[in-house]
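Notes for the one structure printed next.
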Amino acid sequence: MGKKDVEALEITIDELPTYLHTNHSAYMEVADGLYYLTDVDDQYWRAQDTNQFNEKGHYVDCSPLVPTIAEFLDLPFHEGKSIRDLAAEATFYASGDGKDMPEDF
């Protein structure tokens, strides 16, 4: 689990699959939440709710695991909406390793 970068990415929904394939994760902020979009050992994809934590202190999954980025982008997980559905109103952020980042992120 990385930390949300301060500056927003300038990325379109068409560029997002390549970005995720290369970087393995990103944060997606919408009006009522912040979601961590990430892979699991480069094999499956999931969205996680950053406002909820499990017993290990990790974000809670809010989508099932799916094997492809294409399927992941179209998977309804937020009030029946997918990443693709939310992309126009969302802001995406890189997921950093925490180095040189503010402590409150």
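Values below: all heavy atoms of this structure, side chains included; hydrogens, waters and symmetry mates excluded.
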TODO: Quick one: name the residues clustered hydrophobically with Val40, using the 4.5 Å side-chain heavy-atom rule over I, L, V, M, F, W, Y, and just say none if it's on its own.
DONE: Tyr44, Leu65

Task: Val60: hydrophobic cluster co-members (side-chain, 4.5 Å) - done: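 Once heavy-atom contacts under 4.5 Å are chained together, Val60 still belongs with nothing else.
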
- [ ] Kindly write out the residues that satisfy ring-ring contact (aromatic ring centres under 6.0 Å, His included) with Tyr27, not counting sequence neighbours, or none if the list is empty.
- [x] Tyr36

- [ ] Kindly write out the residues that satisfy ring-ring contact (aromatic ring centres under 6.0 Å, His included) with Phe53, not counting sequence neighbours, or none if the list is empty.
- [x] Tyr59

TODO: Keeping the roles fixed (side chain from Asp39, backbone from Gln43), state whether a donor-acceptor pair exists under 3.5 Å.
DONE: no

Task: Pairs where residues 73-83 contributes a residue and the test side-chain hydrogen bond (donor to acceptor under 3.5 Å, both in side chains) is met, not counting sequence neighbours - done: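 Every pair satisfying side-chain hydrogen bond (donor to acceptor under 3.5 Å, both in side chains) with a residue in residues 73-83: Asp32-His78, Tyr35-His78, Asp74-Arg84, Ser82-Asp85.
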
Under the rule for side-chain contact (heavy atoms from CB on, under 4.5 Å), what residues qualify as partners of [X], not counting sequence neighbours?
X	answer
Asp41	none
Thr18	Thr22
Ala70	Thr68
Pro17	Ile69, Leu73

TODO: Please name the pair of heavy atoms, one in Met28 and one in Phe77, separated by the smallest distance, quoted to 0.1 Å.
DONE: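 The answer is CE-CZ, 3.6 Å.
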
Open item on the list: So which atom in Tyr19 and which in Ser95 form the shortest heavy-atom distance, rounded to 0.1 Å?
Closed with: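 Of all heavy-atom pairs spanning Tyr19 and Ser95, the closest is OH-N, 4.5 Å.
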
- [ ] Only pairs at least two apart or in different chains count here, so list each salt bridge (Lys or Arg N to Asp or Glu O under 4.0 Å) that has a residue in residues 8-22.
- [x]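 Sorted result for residues 8-22: empty, none.
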
- [ ] Would you list the pairs meeting salt bridge (Lys or Arg N to Asp or Glu O under 4.0 Å) in which at least one residue belongs to residues 46-64, sequence neighbours left out?
- [x]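 Listed by first then second residue: Arg46-Asp61.
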
Value rounded to 0.5 Å, distance of [atom1] in [X] from [atom2] in [Y]:
X	Y	atom1	atom2	value
Leu86	Ile83	CG	CD1	8.0 Å
Gln48	His58	CD	NE2	9.0 Å
Leu20	Thr38	CG	OG1	8.5 Å
Thr50	Lys3	OG1	NZ	14.0 Å

TODO: Examine Leu34 and Ile11 and state if one hydrophobic cluster contains both, with Ile, Leu, Val, Met, Phe, Trp and Tyr joined whenever side-chain heavy atoms are less than 4.5 Å apart.
DONE: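 Looking at the clustering, Ile11 is in a separate group from Leu34.
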
- [ ] Check whether the side chains of Glu7 and Tyr93 place a donor and an acceptor atom closer than 3.5 Å, and report yes or no.
- [x]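 Looking only at side-chain atoms, Tyr93 and Glu7 do not form any donor-acceptor pair under 3.5 Å.
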
Task: Candidate pair Ser63 and Phe72, rule side-chain contact (heavy atoms from CB on, under 4.5 Å), full reasoning - done: CA-CA 9 Å; Ser63 77; Phe72 178 54; 4.3 Å; yes

